J.: 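Can you read through this structure? Questions will come right after.
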Amino acid sequence: KKGNYEHYMEKEIFEQPESLTTTMRGRLIRGGESKLKSVVLGGLKDHLRTMRRSRRIIFIGCGTSYNAALAARPIIEELSGVPVTMELASDLLDRQGPIYREDTAVFVSQSGETADTLQALEYANSHGALCVGITNTVGSAIARGTHCGVHINAGCEIGVASTKAYTSQIAVMTMLALALGDDSMSSRNRREEIVDGLFDLPNKVKEVLKLDKDMKELAKLLTEEQSLLIFGRGYNYATALEGALKVKEVALMHSEGILAGEMKHGPLALVDETLPIIVIATRDATFSKQQSVIQQLRARKGRLIVICTKGDAEAVCPYGVSRVIEVPRVEDCLQPVINIVPLQLLAYHLTVLRGYNVDQPRNLAKSVTTQ
Ligand code: UD1
Ligand code: F6R
């Protein structure tokens, strides 16, 4: 089943143009004539009104699924106008945090069987919230236990490290944002641009996968490192967290995703000539802030690797000292789907070079069904 690939993780990374295509199949409307470009999510159409009127949307998940929701949060807030809060399932349960009838609770889970997420679902349900599932597994406990939802249709994911499910989850939650916003005239152009961006996304993922060799080269340079920091912000704060999660869980290297806006509040103290730091600085509204983060890291002689938009190498690194990874530009809210790919490839190659088990990382299980 692995075909030409050594490992499932590698296969699933390279499958992403196809898995994204299946995720979106039948759900995007091209427009034309008098029809608008839009989306159809069959499982949600009778519940969108309730969701739009809810007091807040709470995203609940663990690990990679939480990170995917974090990536989609800005566009859901922008297009729906409903405040979005984020909950790691275990933390919500530990706190027994307040949930109300007027809330929409969205449960994100690849397997649909994660114990903490499932228990949080029971908890939210008992408090009267509308419970929505975003799962990859038809018939799973979370798919069955939610009032409605969307299957991400990414296909079976075998590698313990989640890759293609992550990008498909972001695609689905972006479609959810479009569906929630489609009663608004003022955001119509924005929504149509995002629909166009979704249509083109599989091609752009194909393009970014060509960085495989470069990421292998980078992995060679980093093989012996103890630690790797990843700075991101805005849409790509989630990319930083997810990239670091991949590196630690499969390559067994300490890695931390850091919100760049927090740099001066502690992490800057770690910066020296030896610690490798990846900075995500692709084009969006936060670009100039990331440029100044790069300057400040350089002023401390930080060992930087910058992920930027194609053609921006000069703009992010005027003296050519840092390593630069250029990725194709897509609509800002879809950029996390592109930006995670080189980090998935980096984690994969680091793992192989360090001699660890790619598909069955030490101490981990694909589906965490106990607490
Ligand atoms: C559905 C069919 C799909 C068919 C399409 C044709 C299923 C599983 N899907 O897809 O095969 O091609 O119609 O129009 O038969 N749900 C939850 N919780 C979840 C996920 C889903 O309650 O976590 C519910 C949805 O609200 C919906 C049903 O499961 O009632 C199917 O969801 P989904 O597969 O996303 O719906 P469609 O895309 O319409
Ligand atoms: C990381 C990873 C885990 C899962 C987490 C939630 O690569 O796979 O962090 O994302 O255990 O699992 P699901 O999405 O099945 O609820």
Side-chain angles (χ1 to χ4, degrees), residues 8-9 12-13 22-29 39-48 50-51 59-71 87-90 104-121 125 130-154 156-173 175-176 179 238 241-252 255 257 340 343-344 347-348 351 358-361 363-371:
Y8 284 109
M9 181 182 180
E12 287 162 2
I13 292 172
T22 346
T23 294
M24 297 187 287
R25 180 165 297 142
R27 290 171 167 171
L28 292 180
I29 296 171
V39 296
V40 185
L41 296 171
L44 290 187
K45 56 181 192 306
D46 300 332
H47 302 270
L48 288 171
T50 316
M51 290 183 76
F59 275 112
I60 303 166
C62 306
T64 292
S65 294
Y66 174 92
N67 292 341
L70 188 67
E87 294 283 359
L88 287 161
S90 64
T104 295
V106 183
F107 297 86
V108 187
S109 174
Q110 187 284 130
S111 63
E113 303 289 349
T114 300
D116 284 327
T117 312
L118 192 55
Q119 213 184 336
L121 166 57
N125 201 14
L130 173 69
C131 295
V132 180
I134 295 180
T135 57
N136 195 28
T137 316
V138 179
S140 61
I142 289 170
R144 284 182 280 119
T146 39
H147 298 120
C148 59
V150 189
H151 291 114
I152 68 168
N153 300 337
C156 185
E157 192 180 62
I158 293 169
V160 166
S162 183
T163 52
K164 64 175 181 171
Y166 178 72
T167 46
S168 284
Q169 284 167 335
I170 298 176
V172 161
M173 286 184 269
M175 290 192 277
L176 169 62
L241 294 185
E242 175 60 9
L245 180 58
K246 290 294 91 106
V247 170
K248 74 185 120 192
E249 77 168 327
V250 283
L252 314 190
S255 184
I340 194 59
L343 298 176
Q344 292 171 339
Y348 171 73
T351 310
V358 177
D359 288 327
Q360 279 295 324
N363 309 337
L364 297 181
K366 179 66 181 162
S367 181
V368 184
T369 53
T370 52
Q371 283 181 312

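For ligands, and for the atoms within them, numbers begin at 1 and follow the listed sequence. Because the structure is a prediction, the values reported are computed rather than measured.
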J.: Please could you name the atoms of ligand 2 that Ser162 approaches to less than 4.0 Å, counting only its heavy atoms?
T.: 7 (O), 8 (O)
J.: Quick one: which ligand 1 atoms are inside 4.0 Å of a heavy atom on Gly42?
T.: 39 (O)
J.: Is atom 35 (O) of ligand 1 close to the protein, meaning a heavy atom under 4.0 Å from it?
T.: yes
J.: I need the nearest protein heavy-atom contact for atom 12 (O) of ligand 2: residue, atom name and distance, please.
T.: Thr114 OG1, 3.4 Å
J.: Can Asn136 and Glu157 be counted as having a side-chain donor-acceptor contact under 3.5 angstrom?
T.: no
J.: Can you confirm whether something in the protein, heavy atoms only, sits under 4.0 Å from atom 39 (O) of ligand 1?
T.: yes
J.: If the cut-off is 4.0 Å to any non-hydrogen atom of Ser111, which atoms of ligand 2 fall inside it?
T.: 13 (P), 15 (O), 16 (O)
J.: What protein heavy atom sits nearest atom 27 (C) of ligand 1, and how far off is it?
T.: Gly43 CA, 3.5 Å
J.: Suppose we measure from atom 33 (P) of ligand 1 to each protein heavy atom; which comes out shortest, and what is that distance?
T.: His151 ND1, 3.3 Å
J.: Report yes or no: does Ser65 contribute a side-chain atom to a donor-acceptor pair with the main-chain N or O of Gly61 at less than 3.5 Å?
T.: no
J.: Is atom 3 (C) of ligand 1 near the protein, in the sense that some protein heavy atom lies at less than 4.0 Å from it?
T.: no
J.: I'd like to know if the side chain of Thr146 reaches the main chain of Val132, judged simply by a donor and an acceptor atom lying under 3.5 Å from each other, with no hydrogens or angles considered.
T.: no
J.: Show which atoms of ligand 2 fall inside a sub-4.0 Å distance from at least one heavy-atom site of Glu249.
T.: 1 (C), 7 (O)
J.: Which pair of heavy atoms, one from Lys248 and one from Ser255, lies closest together, and at what distance?
T.: NZ-O, 3.2 Å
J.: Taking C-beta and beyond as the side chain, do Thr135 and Ile152 meet within less than 4.5 Å on heavy atoms?
T.: no
J.: Under a 4.0 angstrom heavy-atom cut-off, which atoms of ligand 2 come close to Lys246?
T.: 1 (C), 7 (O)
J.: Please state which protein non-hydrogen atom is closest to atom 25 (C) of ligand 1 and give its distance, to 0.1 Å?
T.: Gly149 O, 3.3 Å
J.: Cys62 near ligand 2, heavy-atom distance under 4.0 Å?
T.: yes
J.: Mind listing the closest non-hydrogen atom pair of Tyr166 and Ala71 along with its distance?
T.: OH-CB, 4.2 Å
J.: Can Asn67 be said to touch ligand 2, with heavy atoms closer than 4.0 Å?
T.: no
J.: For atom 11 (O) of ligand 2, what is the closest protein heavy atom, and at what distance to 0.1 Å?
T.: Val368 CG2, 4.1 Å
J.: Do any heavy atoms of Arg27 fall under 4.0 Å from ligand 1?
T.: yes
J.: Is Ser111 reaching over with its side chain to a backbone N or O of Glu113, donor-acceptor style, under 3.5 angstrom?
T.: yes
J.: Got a protein heavy atom sitting under 4.0 Å from atom 16 (N) of ligand 1?
T.: yes
J.: Please find the pair of heavy atoms, one from Val108 and one from Ala69, that lie closest to each other, and give the distance.
T.: CG2-CB, 4.2 Å
J.: Which option, Thr64, Thr163, Thr137, owns the non-hydrogen atom nearest atom 2 (C) of ligand 2?
T.: Thr64
J.: Is atom 12 (O) of ligand 1 in close reach of the protein, with a heavy atom under 4.0 Å away?
T.: no
J.: Is there a donor-acceptor contact under 3.5 Å from the side chain of Arg144 to the main chain of Gly139?
T.: yes
J.: Which ligand 2 atoms does Ala161 reach within 4.0 Å, using its non-hydrogen atoms?
T.: 7 (O)
J.: Short list, please: which atoms of ligand 1 are under 4.0 Å from a heavy atom of Cys148?
T.: 16 (N), 17 (C), 18 (N), 22 (O), 26 (O)
J.: Applying a strict 4.0 Å limit to heavy atoms, is Lys366 in contact with ligand 2?
T.: no
J.: Is the closest side-chain donor-acceptor distance between Lys246 and Thr64 under 3.5 Å?
T.: yes
J.: Quick check for you: to the nearest 0.5 Å, what is the distance between Leu121 atom CG and Thr114 atom OG1?
T.: 12.0 Å
J.: Treating Ser140 as the side-chain partner and Thr137 as the backbone partner, does any N or O pair qualify as donor plus acceptor under 3.5 Å?
T.: yes
J.: When you compare the side chains of Gln169 and Gln110, does any donor N or O come within less than 3.5 Å of an acceptor on the partner?
T.: no
J.: I need the nearest protein heavy-atom contact for atom 18 (N) of ligand 1: residue, atom name and distance, please.
T.: Thr146 OG1, 2.8 Å
J.: So between Gly133, Cys131, Gly112, Ser109, whose heavy atom ends up nearest atom 23 (O) of ligand 1?
T.: Gly133
J.: For ligand 1, which is the ligand I care about here, please tell me if Val150 has any N or O atom under 3.5 Å from one of the ligand's N or O atoms.
T.: no
J.: By number and element, which atoms of ligand 2 are closer than 4.0 Å to a non-hydrogen atom of Val160?
T.: 7 (O), 8 (O)
J.: By number and element, which atoms of ligand 2 are closer than 4.0 Å to a non-hydrogen atom of Ser65?
T.: 10 (O), 13 (P), 14 (O)
J.: Looking at Pro361, is its backbone amide N or carbonyl O close enough to the side chain of Glu249 to form a donor-acceptor pair, meaning the two atoms are under 3.5 Å apart?
T.: no
J.: Any non-hydrogen protein atom below 4.0 Å of atom 8 (C) of ligand 1?
T.: yes
J.: Please confirm whether the backbone N or O of Met9 pairs with a side-chain atom of Lys164, one donor and one acceptor, at under 3.5 Å?
T.: no
J.: Would you say Asp359's side chain and Tyr8's backbone share a donor-acceptor pair under 3.5 angstrom?
T.: yes
